[in-house]
Amino acid sequence: MMYITAAFLAFLAGFAAHVQAVEYTTAHPLSSVVNTPIKDCGKFTELPVPMLAWLGDMPTIAANGYTETTSPGSIFAKQGLSVKLYRQDSLVKQLEDYISCKTPFLRVTNGMMVMAGDVFKSDVQSRLTPTPIYLLTFSKGGDVAVGRASIKNPKDMCNTDGSLQVYSPHVDYMATIFRSVGCPIPVDKIHWVKDMIEDTKDSMYPARALREDPNIQWVFVISPDATALTSGKGSEGSVDGAHVILSTATCDTCIADLYYVRSDWAASNKETYSKFVHALLLAQEYSAGLMAAKQPKEVYDKWITASAKMLLGSADLTADAEAMWPDGHFAGWNGNVQFFTDSNYPRNFANMTREASEAFGPDGLRLIAKPVSLVPAALDYTKLKEGLKKTTFEAPTFDRQAVQEVIRKREEQGTLVDDRLFSFDVPFRPNETIFDPNAYTDKLDQMITFMTTMGGAIYTIEAYADTQQYIRLKCGTVVDATGVKKLDMNCKSGTGTPAMLAKIKQTAKDGTLARAIAVRDALAARAGQKGINLNMDKVEVIGHGLMKPNIPGCKYDKEGDVTPSCYPSSKEQWDAMRHAEFSVISTESSDFVALR
C-alpha cells in the first residue's frame, strides 16, 4: 500500500545526512495505545468519511464531485448522500475518531483492522465491532520487500533481522510471506520503526534502517524507496547488493484495502451504507474509464488535481497522483462478491482475517489476545449491479508464448531455480502409472492457495523420474570381495546399448511431461469444482525425465549424463525421486515484467 507525500520530491532528489542512529520502537498491542472513551453515534447531516493516501481513494473523490464536501450532481449526491471527505493515514487517530464516533467509518487495510481487534472488544456492548462493507483494492506493485545480497529469496528471510513500520499495512504482508515459506515470524528479530517514509531528517523509516544498520537484512518499503535502495551500488541512497525479494506485483492479494462501519451505526443505517457502496462501485468504474481516456480533459484535470490536494497534501503533486494509479487493482463488483461471499475462494475475507489473527496473536506478534472474527454486511449484490458495465472477471494479460520462451531459456541456462519464490513437492506413490486427483486434493488446494495469493507470479509444475533402471544398464554390476553384487561405480560393466539408453531417457522424459500435464489438468479441474477462476496459461509444465534426480551429492560426467552418485541408496530415496514440484516463479525481473 503506497503512501505518498510531497517529501518524495526532496527524497528522490537527494538524501539528507543523518547524525543520529536509527531509533527503533516497540509494537505494543493497540489496546494499550488507544484509550479514547466510547461514545454513541448520533445523526450525521454530513457523513464524515476518512481516506488514505492511496490510489483506491481516488474514485471516492470522484464520487464526491472532486471536492471535500459533496457537490451537486455528483455520484454521492445522486445516491442522496452528503459526505465530508478527509485524509487520515494514522491508524491510531482513525481508531480514536471511530471510537468517539466522530465518524462511523474505518478506512484501513484488513490487517490493520485485525491489529486493532482487542480495541473493539473493550466495548462489552459490541458497539465498536467493525462491519466490513466494501473492498476497494489490492496492492499491486506499490509495496516491496527489499533484501541485502545475502537474502536471495523469501526463505532466506527466516530467522534474520528485518525492519518495517509499526501498525502499517506491511505487517500483514510480512506475515503472509512467512506463512507461505513455512517458517515462523522472527518476532524477536523485527526492528519496528515509527515512520513509513522520510518526512523530516529525524524520520525513522525502514529504508533508513537498511542503509544505516548492518544488522538489518530485509525491509518492507513503498515502491519509490525500493527503487532508491536497489538502483546503485551503495551510493546516493542505494545499498550495495540490495534487490527486490518480492513485491505486491507478484503477491497481489497480500494487502486488501477496505471500508468498515461501526455495528451500532450500521444497524440503523443499512440503506445509507448500501448507497455508499453502490456509489463507490459506480465511481470506480467511471474513474477507470477517465484514467484510461484522460478525457474530457477538463474533468480529468479536475479529478487529478483534487486527488493530489486531498490525498497528497498539495494540488501541485498531480504527477504523483497519476503515478499512484498502477500500484493497485480495483476489486469492483465481482471482486467484492468473491471476497465477502465465496467460501471456496482462498483469499476471501474470512480466510484473510483468520490468517492475520493467527499471525498477530499470542503465538505470533503478540498484538492481540484473541482471534478476530467479523461478519460482513448483508448487502444485496444483485441490486448493487445496477448501472455497472463490468461484473465479470478479466483474465490477467500474460503472453503465454512469451512466458514459455523465458522459462525455456532460464531452464537451458540453469537459472530458473534463482527465480523460485516458493515451492513444494507432490510425491507420487510407488508403481503409480495414472495420476489420481482424488489422492492429491490437499496438494491441489495448496497450489490454488498459492495461485490466488501470488496472482502476479507465474508457476511451474516440474516432474521427475527415478534413475535406477537407467544407471543399472549404463554402469552394470560387479561382485565385491565378499561375493555381494554391487553397482559398478566405474561404469564399465553396463549392458545397455547407446540406443537402449537413449530410449530409456526419452521414455522417462515423455512420461514425466505427461505426469506434469496430468497434475496441471487436475489443478484446473479442482479449481473449476470450487468455482475459482485461475489463469492456467500462467502454469508451465516441464518433464525432466531422469536427468535431475534429487539425490544428495549427485554428479554428472563430462557428457552431462548422470553417474552412479545419482543412484538411490535406499528405498526412501528411490520413492522420493518420483515426484512433481510446484513452484511460484517471481516476475520481478525485467524480462518477466515485460510480459505483463
Side-chain angles (χ1 to χ4, degrees), residues 140-141 144-147 149 151-156 226 230-231 241-247 249-252 395-426 447 450-451 454-465 467 502 505-521 523-524 534-550 554-562 566 579-596:
K140 190 178 182 182
V144 189
V146 173
I151 308 296
K152 304 295 184 185
N153 54 54
K155 192 171 185 179
D156 291 341
T230 61
S231 60
H243 64 103
V244 173
I245 304 169
L246 179 70
S247 81
T250 297
C251 188
D252 65 354
T397 56
F398 272 80
D399 183 330
R400 176 164 174 71
Q401 290 186 339
V403 168
Q404 290 176 325
E405 181 63 17
V406 172
I407 292 290
R408 184 187 65 79
K409 287 182 178 179
R410 293 293 177 89
E411 183 64 21
E412 288 178 352
Q413 296 165 356
T415 59
L416 183 59
V417 65
D418 297 334
D419 291 310
R420 287 179 182 164
L421 295 170
F422 313 97
S423 62
F424 62 87
D425 274 352
V426 181
M447 294 179 199
F450 268 114
M451 290 183 69
M454 308 287 167
I458 60 176
Y459 321 93
T460 58
I461 297 174
E462 303 170 65
Y464 306 80
T467 59
K505 269 188 179 180
Q506 188 59 50
T507 299
K509 189 170 182 64
D510 293 344
T512 52
L513 179 59
R515 184 60 61 85
I517 291 172
V519 175
R520 183 186 65 188
D521 291 347
L523 170 61
L534 297 181
N535 185 353
M536 298 306 296
D537 285 344
K538 295 169 64 178
V539 182
E540 187 61 22
V541 293
I542 303 172
H544 289 295
L546 49 80
M547 290 306 295
K548 288 193 175 183
N550 57 348
C554 173
K555 297 180 180 179
Y556 299 85
D557 61 24
K558 60 183 180 180
E559 283 78 31
D561 200 8
V562 290
C566 306
H579 71 290
E581 184 176 29
F582 176 85
S583 298
V584 178
I585 306 298
S586 170
T587 55
E588 306 290 350
S589 61
S590 58
D591 50 356
F592 281 122
V593 169
L595 303 179
R596 295 188 185 134

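Remember, it's a predicted structure, so these values are computed and weren't measured experimentally.
- Remark: Ile461 CD1 to Ser423 OG distance equals 12.5 Å, nearest 0.5 Å.
- Of the possible polar contacts, none joining the Lys548 side chain to the Gly545 backbone as a donor-acceptor pair under 3.5 Å is found.
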Derivation of the side chain to side chain contact (heavy atoms under 4.5 Å, CB included) call for Met451 and Val539: CA-CA 10 Å; Met451 290 183 69; Val539 182; 3.6 Å; yes
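- One distance of note links NZ of Lys509 with CD1 of Ile542; it measures 8.5 Å at 0.5 Å rounding.
- Ion pairing between Arg408 and Glu405 holds under the 4.0 Å rule for side-chain N and carboxylate O.
- The two atoms that bring Cys251 and Leu246 nearest to each other are CB-CD2, 4.2 Å, heavy atoms only.
- In this structure, Phe450 has its ring center no closer than 6.0 Å to that of Tyr459.
- With contacts defined as side-chain heavy-atom distances shorter than 4.5 Å, the pair Ile458/Ile407 qualifies.
- In Lys155, the NZ atom is not crowded: 12 or fewer heavy atoms of neighbouring residues, nucleotides or ligands sit closer than 6.0 Å.
- At least one side-chain heavy atom of Met447 sits under 4.5 Å from a side-chain heavy atom of Phe424.
- Proximity of Val562 to Tyr556: side-chain heavy atoms (C-beta onward) are separated by under 4.5 Å at one or more points.
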For the pair Met536 and Leu523, evaluate side chain to side chain contact (heavy atoms under 4.5 Å, CB included) and give the outcome as yes or no after the intermediate values. CA-CA 9 Å; Met536 298 306 296; Leu523 170 61; 3.9 Å; yes
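- Closest approach of Ala463 to Thr512, counting heavy atoms only: CB-O, 3.1 Å.
- Counting all heavy atoms, side chain and backbone alike, Val584 lies closest to Met454 at CG1-CB, 3.9 Å.
- The distance from atom CG of Leu513 to atom CD of Glu462, rounded to the nearest 0.5 Å, is 12.0 Å.
- Ile245 has its side chain within reach of Pro154: a pair of non-hydrogen atoms, C-beta onward, lies under 4.5 Å apart.
- Here the straight-line distance linking atom CG of Leu416 with atom NZ of Lys409 works out to 14.0 Å at 0.5 Å rounding.
- Minimum interatomic distance between Met547 and Lys505 (heavy atoms only, all atoms of both residues): SD-CE, 3.8 Å.
- Contact record, Val541 with Ala516: CG1-O, 3.6 Å, taken as the closest heavy-atom pair.
- Side-chain atoms of Glu588 come within 3.5 Å of backbone N or O of Ser247 as a donor-acceptor pair.
- Considering only heavy atoms from C-beta on, Asp418 stays 4.5 Å or farther from Arg420 through its side chain.
- The NE2 atom of His579 lies 12.0 Å from the CZ atom of Arg515; values are rounded to the nearest 0.5 Å.
- Here the closest heavy-atom approach between residue Val146 and residue Ala226 is recorded as CG2-CB, 3.8 Å.
- In this structure, the side chain of Asn153 engages the main chain of Asp156 through a donor-acceptor pair within 3.5 Å.
- Rounded to the nearest 0.5 Å, atoms OG1 (Thr587) and NZ (Lys538) are 7.5 Å apart.
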